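In what follows, a single structure is set out as structure tokens and then discussed.
Treat the numbers as computed from the prediction; the structure is a model and nothing was measured.
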Amino acid sequence: MEKHTVPVSVYVAVDVARALSFLSDLNHLSMWTLGTRVHEQVAVDTWVGEVSASGQRIYLRAVTLAHPEVPMLEWQCGKSMDHLSVVHRLCLLPALGGGVHVHWISFRRPDVETVLGGQGFDAMAHQAECLRLKAVLERNAGRTAPAMAPEQVLACSVFVDAPAATLSAYLADLGSAAQWAAQWELGPETGSASRLTGESGTLKEGRFRDAYGRAFTASSSLIDHADLGQSVLIRTVHDVPNAADPWAPPFLQVFAVLPCAHVLGMPAADGCVLHRMVPTPWRYVEQADSLAAMRGESLGIKRRVEGLAGHPERFADGLSYTPAIAAASV
């Protein structure tokens with residue numbers, strides 16, 4: 001959807017902590033990337049090296065975004081230590097039955113377009129690198145053959161012209177979910193003793209019903225990563241065994257709220273990229289076209305939050321970031 005966002009995923013049969021430790025050490029890049037590596041450490045958390053795309057001298061920094069369930073990591077890159085304007089976000093999603101989905105989001109800067117980038121170099125190169133990453137980590141864990149993934153991470157992105165705090169607060173309020181989630185209805189129990197609210201009165205936990213009237217419990221959590229954005233997790237537990245089909249909310253949904261000023265390397269950029277990740281059992285990936293439904297729901301979130309932020313006119317400007325001043329002149 002959002003054309004500046006490039007996501008790829010790979011399932012790895014190791015625990016989240018091991019994957020995070022490996023990815024946080026920039027010395028490991030040469031073991032699995034197609035040419036990205038570091039040569040010299042120039043600060044506590046910053047190295048000089050080169051990247052797959054160009055082979056040019058580059059500064060790289062690894063920043064860990066702490067999270068109790070879905071830790072995230074950023075590689076921040078640039079041509080000087082004071083201007084690390086290229087961002088790679090790695091989200092480590094726990095998989096059903098063990099293991100981890102390494103979900104890699106890179107961003108194409110709107111003001112630095114290249115022919116190779118426009119032809120999909122990032123997605124192709126990063127997918128190949130992810131396969132190598134899987135092999136290295138699983139081999140180090142004692143495996144002699146690849147572990148098969150129990151599910152696939154479905155993901156989509158959309159530009160939302162609203163402050164990160166506004167967008168993440170809306171997503172974390174489960175009382176708003178029925179406005180955008182096709183499988184979500186407020187149950188008769190909502191508002192009773194099961195209702196837990198935060199300081200702002202937002203609904204953090206409650207009882208709901210899905211599109212076929214089946215009851216479930218949902219909870220949400222919001223983690224603030226300061227200037228790097230926020231992340232929102234929504235978990236559901238279904239009353240009916242095996243009610244995990246596309247007509248019921250997923251067990252886990254992860255929303256990364258990513259300020260455009262940061263991830264697109266444009267300090268004057270307004271709004272956010274909303275990137276949504278949902279681990280989905282293979283048998284449900286095609287059923288009811290789950291990815292298309294996610295995209296439609298993301299548009300509903302965009303429309304409502306841009307309205308809350310006082311920018312309802314931006315909905316018609318499309319799925320991807322465009323400068324507000326340019327949009328106003330059309």
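- By the 4.5 Å heavy-atom criterion applied to side chains, E185 and D210 are not counted as neighbours.
- Using modelled atom types, one finds no donor on one side chain facing an acceptor on the other under 3.5 Å when comparing S320 with H4.
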Quiz item: Passes side-chain hydrogen bond (donor to acceptor under 3.5 Å, both in side chains), Q230 versus D224? Steps please.
Solution: CA-CA 5 Å; Q230 287 87 33; D224 188 359; 3.1 Å; yes
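- Hydrophobic clustering (side-chain heavy atoms under 4.5 Å, transitive across Ile, Leu, Val, Met, Phe, Trp, Tyr) keeps L131 apart from W32.
- In this structure, K302 NZ and L274 CG are separated by 10.5 Å, a value rounded to the nearest 0.5 Å.
- Shown here for G206 and L174, the closest heavy-atom pair between the two residues is N-CD1, 4.5 Å.
- In this structure a side-chain-to-backbone donor-acceptor pair under 3.5 Å is present from K134 to A147.
- The backbone N or O of M294 lies less than 3.5 Å from a partner atom in the side chain of S298, making a donor-acceptor pair.
- Proximity of a side-chain donor or acceptor of K79 to a complementary backbone N or O of I58 within less than 3.5 Å is not detected.
- Here E50 contributes atom CD and L60 contributes atom CG; the two are 10.0 Å apart, rounded to the nearest 0.5 Å.
- Side-chain contact between L258 and C272: absent, with no pair of heavy atoms (C-beta onward) separated by less than 4.5 Å.
- By the 4.5 Å heavy-atom criterion applied to side chains, T5 and K3 are not counted as neighbours.
- Taking CG of L154 as the reference point, atom CE of M277 lies at 12.0 Å (rounded to 0.5 Å).
- The six-membered or imidazole ring of H28 lies near that of F22, with a centre-to-centre distance under 6.0 Å.
- The pair R314-D317 counts as a salt bridge, with a side-chain nitrogen and a carboxylate oxygen less than 4.0 angstrom apart.
- The shortest side-chain heavy-atom distance between W47 and V42 does not fall under the 4.5 Å cut-off.
- Other members of the cluster containing V237 do not exist, because no ILVMFWY side chain is joined to it at under 4.5 Å.
- Side chain of D173 to main chain of L203: a donor-acceptor pair is present (N/O by atom type, distance under 3.5 Å, no hydrogens or angles).
- Counting heavy atoms from C-beta on, the side chains of V10 and V12 come closer than 4.5 Å.
- Residue V70 is not grouped with residue V16 when hydrophobic side chains (ILVMFWY) are merged at heavy-atom distances under 4.5 angstrom, including chains of intermediate members.
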Exercise. Might you work through the side chain to side chain contact (heavy atoms under 4.5 Å, CB included) test for T280 and V153, ending with a clear yes or no?
Key: CA-CA 6 Å; T280 304; V153 175; over 6 Å; no
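- Of all heavy-atom pairs between W184 and P249, the closest is CE3-CG, 3.7 Å.
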Quiz item: What do the steps show when you test Y11 against M148 for side chain to side chain contact (heavy atoms under 4.5 Å, CB included), and what is the final call?
Solution: CA-CA 8 Å; Y11 168 74; M148 296 296 102; over 6 Å; no
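- The closest donor-acceptor contact from the side chain of T236 to the backbone of P250 lies under 3.5 Å.
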Quiz prompt | Stepwise side-chain hydrogen bond (donor to acceptor under 3.5 Å, both in side chains) test for Y170 and Q179 | solution = CA-CA 11 Å; Y170 178 82; Q179 298 175 350; 2.7 Å; yes
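- Between R214 and D245 there is a salt bridge, since a side-chain N of the basic residue sits under 4.0 Å from a carboxylate O of the acidic one.
- With H238 contributing its side chain and V240 its backbone, the two residues share no donor-acceptor pair below 3.5 Å.
- For the pair H311/E313, a side-chain contact is recorded, criterion being any heavy-atom separation below 4.5 Å from C-beta on.
- Within the 6.0 Å centre-distance limit, the rings of F255 and W180 are counted as a close aromatic pair.
- When all heavy atoms of L20 and P71 are compared, the closest pair comes out as CD2-CB, 4.0 Å.
- Using a 4.5 Å cut-off between side-chain heavy atoms of Ile, Leu, Val, Met, Phe, Trp and Tyr, with links allowed through other members, L308 and L167 fall into the same hydrophobic cluster.
- Each of F107 and V254 belongs to its own hydrophobic cluster when Ile, Leu, Val, Met, Phe, Trp and Tyr are linked at side-chain heavy-atom distances under 4.5 angstrom.
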Quiz item: So R235 and S219, side-chain hydrogen bond (donor to acceptor under 3.5 Å, both in side chains) or not? Walk me through it.
Solution: CA-CA 5 Å; R235 284 194 175 276; S219 61; over 6 Å; no
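- Looking at Q253, its side chain never comes within 3.5 Å of a backbone N or O of V278 through a donor-acceptor pair.
- Remark: the backbone N or O of L233 is not paired with any side-chain donor or acceptor of S220 at under 3.5 angstrom.
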Exercise. Could you go through the side chain to side chain contact (heavy atoms under 4.5 Å, CB included) check for E297 and R276 one step at a time?
Key: CA-CA 10 Å; E297 291 175 343; R276 182 181 177 192; 2.8 Å; yes
Listing, residues 82-105 side-chain donor-acceptor contacts under 3.5 Å, not counting sequence neighbours, or none:
from: S85; atom 1: OG; to: R109; atom 2: NH1; distance (Å): 2.9
from: H88; atom 1: ND1; to: W104; atom 2: NE1; distance (Å): 3.2
from: R89; atom 1: NE; to: E74; atom 2: OE2; distance (Å): 2.9
from: R89; atom 1: NH2; to: E74; atom 2: OE2; distance (Å): 2.8
from: R89; atom 1: NH2; to: L228; atom 2: O; distance (Å): 2.9
from: H101; atom 1: NE2; to: E151; atom 2: OE2; distance (Å): 2.9
from: H103; atom 1: ND1; to: S9; atom 2: OG; distance (Å): 2.4
from: H103; atom 1: NE2; to: H275; atom 2: NE2; distance (Å): 2.8

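- The distance from the CZ atom of R209 to the CG atom of D239 is 8.0 Å, given to the nearest 0.5 Å.
- Scanning all heavy atoms of the two residues, the minimum distance from L23 to W75 falls at O-NE1, 3.4 Å.
- Between the Q152 side chain and the P279 main chain, no donor and acceptor come within less than 3.5 Å of each other.
- Between L73 and T64 the shortest heavy-atom distance is CD1-OG1, 3.7 Å.
- A donor-acceptor contact shorter than 3.5 Å links the side chain of E306 to the backbone of F315.
- Heavy-atom minimum distance, G265 versus P267: O-CD, 3.7 Å.
- In this structure the side chain of S231 reaches within 4.5 angstrom of the side chain of H225, judged on heavy atoms.
- The closest side-chain heavy-atom distance from F159 to L319 is not below 4.5 Å.
- One hydrophobic cluster holds both I234 and L299 under the rule that ILVMFWY side chains link at heavy-atom gaps under 4.5 Å.
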